[in-house]
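Along the sequence shown, the residues carry numbers beginning at 1.
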Amino acid sequence: MIPCREGCAQYQEGCHKTCPRWKEMQEKLKLEKEKKKLYLDYHRKICTAIIRQCYEVCPRRIYR
């Protein structure tokens, strides 16, 4: 279901393909998704570094 369907007074079947409001909303979602991806990548790298350091300090201990 298209999110703008209920709230848009100009809604017609298939209008989202040419609607500037729809394109703007899609662009916002794309930017938000990219920000989340960068955030998760950053924290994944930090966590990986910490885990690697733990293995270096205590190589015999099993971390699970």
Side-chain angles (χ1 to χ4, degrees):
M1 183 169 166
I2 298 173
C4 65
R5 185 178 202 164
E6 296 174 2
C8 184
Q10 300 173 357
Y11 177 79
Q12 296 175 0
E13 191 66 38
C15 69
H16 65 281
K17 296 175 184 174
T18 58
C19 179
R21 290 175 63 197
W22 175 260
K23 290 179 183 180
E24 181 183 325
M25 186 175 75
Q26 291 299 311
E27 187 63 30
K28 285 181 183 179
L29 291 173
K30 181 180 174 183
L31 292 173
E32 188 176 311
K33 184 178 178 181
E34 185 63 29
K35 285 180 185 179
K36 287 179 183 179
K37 182 180 176 185
L38 291 172
Y39 173 86
L40 291 173
D41 285 344
Y42 171 77
H43 286 284
R44 180 187 49 81
K45 288 178 185 177
I46 289 176
C47 289
T48 301
I50 291 171
I51 290 170
R52 190 178 333 106
Q53 290 170 1
C54 289
Y55 278 120
E56 290 172 2
V57 172
C58 300
R60 293 183 187 176
R61 187 170 180 177
I62 298 174
Y63 293 96
R64 291 188 187 218

Handout entry: Sequence-distant partners of Leu31, side chain to side chain contact (heavy atoms under 4.5 Å, CB included), two or more places apart
Key =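 With sequence neighbours excluded, Leu31 shows a side chain to side chain contact (heavy atoms under 4.5 Å, CB included) to Glu27, given in chain and number order.
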Practice task
Please assess Leu29 against Gln26 for the test side-chain contact (heavy atoms from CB on, under 4.5 Å), listing each intermediate value before the final yes or no.
Solution key: CA-CA 5 Å; Leu29 291 173; Gln26 291 299 311; 4.1 Å; yes
Practice task
Using the test salt bridge (Lys or Arg N to Asp or Glu O under 4.0 Å), find all partners of Glu24 that sit at least two apart in sequence or belong to another chain.
Solution key: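 In terms of salt bridge (Lys or Arg N to Asp or Glu O under 4.0 Å), with neighbours along the sequence ignored, Glu24 is linked to Lys28.
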Handout entry: For Lys36, salt bridge (Lys or Arg N to Asp or Glu O under 4.0 Å) partners two or more places apart
Key =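 By the salt bridge (Lys or Arg N to Asp or Glu O under 4.0 Å) rule, Lys36 matches Glu32.
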Fill in the blank from the handout: From the list Ile46, Leu38, Leu40, side chain to side chain contact (heavy atoms under 4.5 Å, CB included) partner of Tyr42 resolves to Ile46
Practice task
Calculate, to the nearest 0.5 Å, the distance between atoms NZ and NZ belonging to Lys30 and Lys23 respectively.
Solution key: 13.0 Å
